[in-house]
There are 2 protein chains.
Amino acid sequence: MSLDRATMDERVPRDFETLRTTILERRESLPKRIAQIAAHALDNPDDIAFGTAASIAASAGVQPSTLIRFAQQLGFDGFTSLQQVFRERLRERNSSYDERLQALRVKAEGGAGHRAIFDGFVAAASTSLNDISRTLDEAHLEDAISLLAKAETIYVLAKRRSYPVASYIAYALGKLKIRNQLIESAAGLNAEMIGFATPADAVIAISFSPYAPATIEEARSISEQGVPIVAITDSSFSPLAQFAKVWFEVAEADFAGFRSLSATMALAMALTVGVGEKRRDTGRKRKA
Amino acid sequence: MSLDRATMDERVPRDFETLRTTILERRESLPKRIAQIAAHALDNPDDIAFGTAASIAASAGVQPSTLIRFAQQLGFDGFTSLQQVFRERLRERNSSYDERLQALRVKAEGGAGHRAIFDGFVAAASTSLNDISRTLDEAHLEDAISLLAKAETIYVLAKRRSYPVASYIAYALGKLKIRNQLIESAAGLNAEMIGFATPADAVIAISFSPYAPATIEEARSISEQGVPIVAITDSSFSPLAQFAKVWFEVAEADFAGFRSLSATMALAMALTVGVGEKRRDTGRKRKA
DNA sequence: TATCGATTGGAATTATTATTTCATATTCCC
DNA sequence: GGGAATATGAAATAATAATTCCAATCGATA
């Protein structure tokens with residue numbers, strides 16, 4: 001039987017991905033208990049990495065011997081060498097994300113050359129995305145999208161650092177054929193523009209500390225007209241938060257004095273596309 | 001001696017951070033060999049998690065028994081329970097970058113609710129950052145920064161989807177007190193603006209497929225005036241690439257029909273801040 | 001420098017854990 | 001439905017690994 005293994009499976013999966021693929025390929029042809037372990041292994045790779053043959057077998061509902069047969073079918077010479085693959089995976093994955101970021105930061109702080117600057121911005125953006133992905137409040141997202149989807153016109157309000165986000169929102173809304181108005185006019189016509197907004201409209205306002213006074217002022221005045229505001233800002237103390245019906249707290253990491261926009265951008269696009277989808281759905285329902 | 005442990009160390013560190021702190025606190029008061037292991041443990045936590053007492057002891061250059069004494073000094077009842085802490089740490093670590101991205105993509109494709117859309121954009125942004133971090137050509141970066149640092153005025157040229165990047169570059173250049181001109185005029189004065197540019201100036205042009213015809217046209221005409229162009233675009237077939245002195249290929253992942261801007265943003269900021277630094281350095285040299 | 005306590009090394013012991021074996025059950029094919 | 005091949009369960013065995021023990025060494029102190 002060791003001959004069989006040697007002839008049939010000359011190449012033993014050495015890394016987790018290969019192993020995973022191999023298992024999935026053979027899934028159909030595996031005997032019941034072996035398949036049971038295979039499923040368990042792919043679902044709980046950490047348990048395989050740390051458990052003992054007995055404990056794993058128990059939690060998969062099979063005998064330890066079956067676990068060993070599973071390993072052998074895959075070409076390993078026992079459970080131990082199968083386990084190595086699962087352990088290797090954990091080792092490598094730790095070195096991947098956090099350490100890579102860490103490495104980028106170190107390089108960035110080490111400060112040799114312009115590559116370091118670039119790494120710093122990449123690290124800041126990654127960190128920001130990571131944070132927002134963890135902290136975003138799903139209910140807020142739903143609320144904001146509902147609110148914006150009902151609006152006749154969506155006004156987009158942001159200056160200075162946040163302006164690029166506003167301009168991308170406006171671009172995307174335009175592509176989705178959603179009526180919108182970017183409040184940016186250098187010609188000082190903002191007050192007039194804002195005057196046209198009604199409670200049937202809505203505003204997306206974006207501002208981070210130090211808050212551009214014009215943004216705050218315009219947000220105040222537009223909210224006094226009864227126009228609902230969705231705000232993206234950086235803390236609950238932000239003046240924008242008090243005017244807003246729904247607001248998001250986005251913590252952007254900074255580098256070299258410039259904050260990342262990546263998290264804000266992701267959120268902005270989610271809002272925009274979310275509104276687009278919601279309108280399509282509502283449209284369909286009305287027709288039906 | 002078990003009494004000592006019970007009375008002296010009632011609280012055994014249960015998580016890695018506490019353990020780490022505890023070790024660092026006691027570092028001074030530890031006997032030589034124990035300290036040796038302590039250092040090794042903090043430096044190679046993965047080895048502690050996966051190794052056997054014997055293998056760890058060997059690679060730390062001590063006897064297995066010392067390793068156990070180390071664990072006991074910390075209040076554990078043996079190596080095994082100390083090891084648990086190191087294993088727990090690996091389990092709790094956020095899953096790897098790729099896996100997390102994968103999870104985001106799956107959620108995004110599963111498509112339930114608006115959170116999925118958000119996840120999709122975060123995944124796209126992360127992917128893009130990841131790619132550019134791997135593929136950015138350092139020499140190009142240096143060339144581009146040198147070129148831009150020498151310019152009297154930096155013109156920034158981008159439309160539509162790329163416009164937000166241009167506006168952020170303009171904002172950042174402004175903050176760094178670097179003379180710049182954003183070519184965006186809706187009033188159709190671009191041709192005139194471009195006419196002012198001379199070979200002593202430089203251009204940052206950004207355009208992705210489908211290339212905005214206006215951007216291409218303006219890039220052509222400005223390059224014919226002998227103004228050097230730094231381009232950010234998406235392939236070597238891009239019409240921008242042929243006009244440019246230096247060009248960067250940036251592959252942005254897209255989601256729901258909108259491409260991420262995160263990689264382009266990071267590169268743009270690196271260029272901007274890089275130019276700022278280079279000018280400061282040159283300024284200092286001139287004075288000295 | 002002699003002595004006591006703490007520390008260390010190394011082998012012996014104990015424990016845990018992987019693997020093998022074999023009897024039994026199941027499945028598949030004729 | 002009978003029989004061979006395959007799969008499974010459970011316990012025995014082999015292996016590996018953790019822990020303990022004791023003698024040797026080191027270091028401070030009187």
Side-chain angles (χ1 to χ4, degrees), chain A residues 1-9 12 23 26-41 46-88, chain B residues 1-9 12 23 26-41 44 46-87:
Chain A
M1 46 322 224
S2 70
L3 184 70
D4 284 2
R5 245 191 284 131
T7 47
M8 291 175 60
D9 278 319
V12 179
I23 291 175
R26 303 199 191 164
R27 185 199 282 266
E28 296 306 319
S29 67
L30 292 174
K32 196 172 71 171
R33 293 270 115 113
I34 307 267
Q36 199 170 320
I37 288 196
H40 182 84
D46 289 10
D47 291 343
I48 311 287
F50 292 123
T52 66
S55 72
I56 295 164
S59 83
V62 301
Q63 292 290 323
S65 45
T66 309
L67 181 49
I68 285 155
R69 288 179 198 123
F70 169 61
Q72 290 174 339
Q73 284 224 359
L74 290 167
F76 298 96
D77 49 54
F79 164 71
T80 310
S81 31
L82 168 70
Q83 192 177 42
Q84 286 313 110
V85 174
F86 283 79
R87 293 187 164 181
E88 208 44 52
Chain B
M1 42 329 227
S2 71
L3 185 70
D4 283 1
R5 246 190 286 134
T7 49
M8 290 174 62
D9 278 322
V12 179
I23 292 174
R26 301 199 194 163
R27 185 198 281 266
E28 295 307 319
S29 66
L30 292 175
K32 194 171 73 171
R33 294 267 115 114
I34 306 270
Q36 199 170 321
I37 288 196
H40 182 84
N44 310 61
D46 289 9
D47 291 344
I48 311 287
F50 292 122
T52 68
S55 73
I56 296 164
S59 84
V62 301
Q63 290 293 321
S65 45
T66 308
L67 179 50
I68 285 156
R69 289 179 195 121
F70 169 61
Q72 291 174 340
Q73 283 223 2
L74 290 167
F76 297 94
D77 49 54
F79 165 70
T80 310
S81 32
L82 168 70
Q83 192 178 41
Q84 286 313 108
V85 175
F86 283 78
R87 293 187 163 182

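Each chain gets a letter, A, B and so on, in the order its sequence line appears, and its residues count up from 1. For the numbers below, each heavy atom of this structure counts, side chains included, while hydrogens, waters and symmetry mates do not.
Remark: the backbone N or O of B:F79 is not paired with any side-chain donor or acceptor of B:Q84 at under 3.5 angstrom. Judged by distance alone, with hydrogens and angles left aside, the side-chain atoms of B:R26 form a donor-acceptor pair with the main-chain N or O of B:Q73 at under 3.5 Å.
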(request) Do nucleotides 12-30 of chain C as a string where each nucleotide becomes B, S or -: B if the base has a protein heavy atom under 4.0 Å, S if just the sugar-phosphate does, - if no protein is that close. (result) -----SSBBB---------
Which side-chain N or O atoms in residues 57-69 of chain A pair as donor and acceptor under 3.5 Å with protein atoms at least two apart or in another chain?
{"from": "A:S59", "atom 1": "OG", "to": "A:H40", "atom 2": "NE2", "distance (Å)": "3.1"}
{"from": "A:S59", "atom 1": "OG", "to": "A:I56", "atom 2": "O", "distance (Å)": "3.4"}

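Of all nucleotides in DNA chain D having an atom under 4.0 Å from a heavy atom of chain A, the first and last in 5' to 3' order are D:dA7 to D:dA10.
Qualifying side chain to side chain donor-acceptor pair (under 3.5 Å) partners for B:R87, counting only residues two or more places apart in sequence or in other chains: none. Residues satisfying the side chain to side chain contact (heavy atoms under 4.5 Å, CB included) criterion with B:T52, sequence neighbours excluded, are B:A54, B:S55. Residues satisfying the side chain to side chain donor-acceptor pair (under 3.5 Å) criterion with A:Q36, sequence neighbours excluded, are A:R33.
Within the structure, ring pair (Phe, Tyr, Trp, His ring centres under 6.0 Å) pairs that include any residue of residues 53-72 of chain A do not occur (at least two apart or interchain).
Distances shorter than 4.0 Å separate none of the side-chain N or O atoms of B:Q63 from OP1 or OP2 on C:dT8.
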(request) Test ring-ring contact (aromatic ring centres under 6.0 Å, His included) on B:F86 and B:F50 and set out the steps. (result) CA-CA 9 Å; B:F86 283 78; B:F50 292 122; over 10 Å; no
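B:I34 comes within 4.0 angstrom of sugar-phosphate atoms only, judged by non-hydrogen atoms across all strands, and of no base.
In this structure, the CZ atom of B:F70 is 16 Å from the C1' atom of C:dT8, given to the nearest Å.
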